[in-house]
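Side chains included, hydrogens not; waters and symmetry mates left out as well; all remaining heavy atoms used. First listed ligand is number 1; within each ligand, the first listed atom is number 1.
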Amino acid sequence: MTVGSYAVRLDAVSKVHGSGRNQVRALDGVTAAFLRGTFTAVMGPSGSGKSTFLNCVAGLDRPTSGRVMLGDTEVSGRSETELTELRRDRIGFVFQAYNLLGALTVADNVTLPVRLAEKPVDRQRLARVLAEVGLTELRDRRPSRLSGGQQQRVAIARALINRPDLVCADEPTGALDSRTGGDVLALLRKLVDDLGQTVLMVTHDPVAAAHADTVVFLADGRLAGELDRPCAEQIAERMTHLGEP
Ligand code: ADP
Ligand code: MG
């Protein structure tokens, strides 16, 4: 396997939040690599470092030490301006709270990353992405007139518009009922299977994690094993024993 086939690599990544007596070591020497075209779920109890992990990978947060590579590009140790461009051009984000702009239509929310980069909007690309997430008919609506699941699909379309090297999702189904959440997870699965996207998803829900190819576990900021193609029951079982010696 050549290095180039990894979408993301972390080498001894640590992150300390805060300073002085309030210091928290949220990540403690994490080394991991994720192949292109795979769907990985990151699981662990609340406070285990999942969001910090994703934020360090995606350039939203800077590791205190260690190295993060996105393909052949080092994410760690870049300036704020460089990170802003890297996130905009090469990473798609999906959050629990959708983070759509209420004043913009579906189509304008989806093309926002393109317009922020001051690039022309490719109408064909927009049409294709809207079709992929099943929102063609709703392209002129505003988010307030969409269901939660539809809003999350807008966020996924926005994440895809720039053909990112990586899609990062932090609890993408956290605000959805189980059926709608299932639709969103099936869509993330489809991005990997049909479009060859690489997806890294943080979740605390074993049913959500079971949609991934691989589940990696975090406990107290450290990797605590992984499971390949597990079912939800296996994941739940592992979760109950996390952190045990
Ligand atoms: P998770 O997403 O698994 O719940 P987080 O990565 O959010 O975990 O947090 C890991 C640890 O780091 C927790 O103890 C949390 O309180 C702490 N932490 C996270 N972000 C900050 C921050 N900005 N400042 C101080 N502590 C933080
Ligand atoms: Mg979190």
### Summary
The closest protein heavy-atom partner of atom 13 (C) of ligand 1 is Gly47 O, 3.8 Å
### Task
Using a distance threshold of 4.0 Å (strictly less than), state whether atom 8 (O) of ligand 1 has a protein heavy-atom neighbour.
yes
### Message
Are the side chains of His211 and Leu188 in contact, using a 4.5 Å heavy-atom criterion?
### Response
no
### Query
Among Ser51, Gly49, Cys56, whose heavy atom sits nearest atom 2 (O) of ligand 1?
Ser51
### Task
May I ask whether Ser46 has any heavy atom positioned less than 4.0 angstrom from an atom of ligand 1?
yes
### Query
Does the protein put any heavy atom within less than 4.0 Å of atom 27 (C) of ligand 1?
yes
### Task
Go through the side-chain N and O atoms of Asp170 and Ser51 and say whether any donor and acceptor fall under 3.5 Å apart.
yes
### Task
Can you pull out the closest protein heavy atom to atom 5 (P) of ligand 1? Residue, atom name and distance to 0.1 Å, please.
Thr52 OG1, 3.7 Å
### Message
At under 4.0 Å between heavy atoms, is it the side chain or the backbone of Val24 that contacts ligand 1, or both, or neither?
### Response
side chain
### Query
Hey, is the Mg ion (ligand 2) within less than 2.8 Å of some N/O/S atom on Ser51?
yes
### Message
I'd like to know if the side chain of Asp228 pairs up with that of Thr214 as donor and acceptor (distance under 3.5 Å, no hydrogens or angles considered).
### Response
yes
### Summary
So the atoms of ligand 1 within less than 4.0 Å of a heavy atom of Ala26 turn out to be 10 (C), 11 (C), 12 (O)
### Query
Between Thr180 and Asp177, is any side-chain donor less than 3.5 angstrom from a side-chain acceptor?
yes
### Query
Below 4.5 Å, heavy atoms only, C-beta onward: do Pro206 and Met43 meet side chain to side chain?
yes
### Task
Just go through Arg25, Gln23, His17 and tell me whose heavy atom is the nearest to atom 20 (N) of ligand 1.
His17
### Message
List ligand 1 atoms under 4.0 Å from Pro45, heavy atoms only on the residue side.
### Response
3 (O)
### Task
Determine whether any heavy atom of Gly221 lies closer than 4.0 Å to an atom of ligand 1.
no
### Message
Regarding Ser46 and His204, do their side chains bring together a donor and an acceptor under 3.5 Å, going by distance alone?
### Response
no
#### Entry: Minimum side-chain heavy-atom gap Glu85-Arg88 below 4.5 Å
yes
### Validation row: Glu171, Lys50 side chains within 4.5 angstrom (heavy atoms)
yes
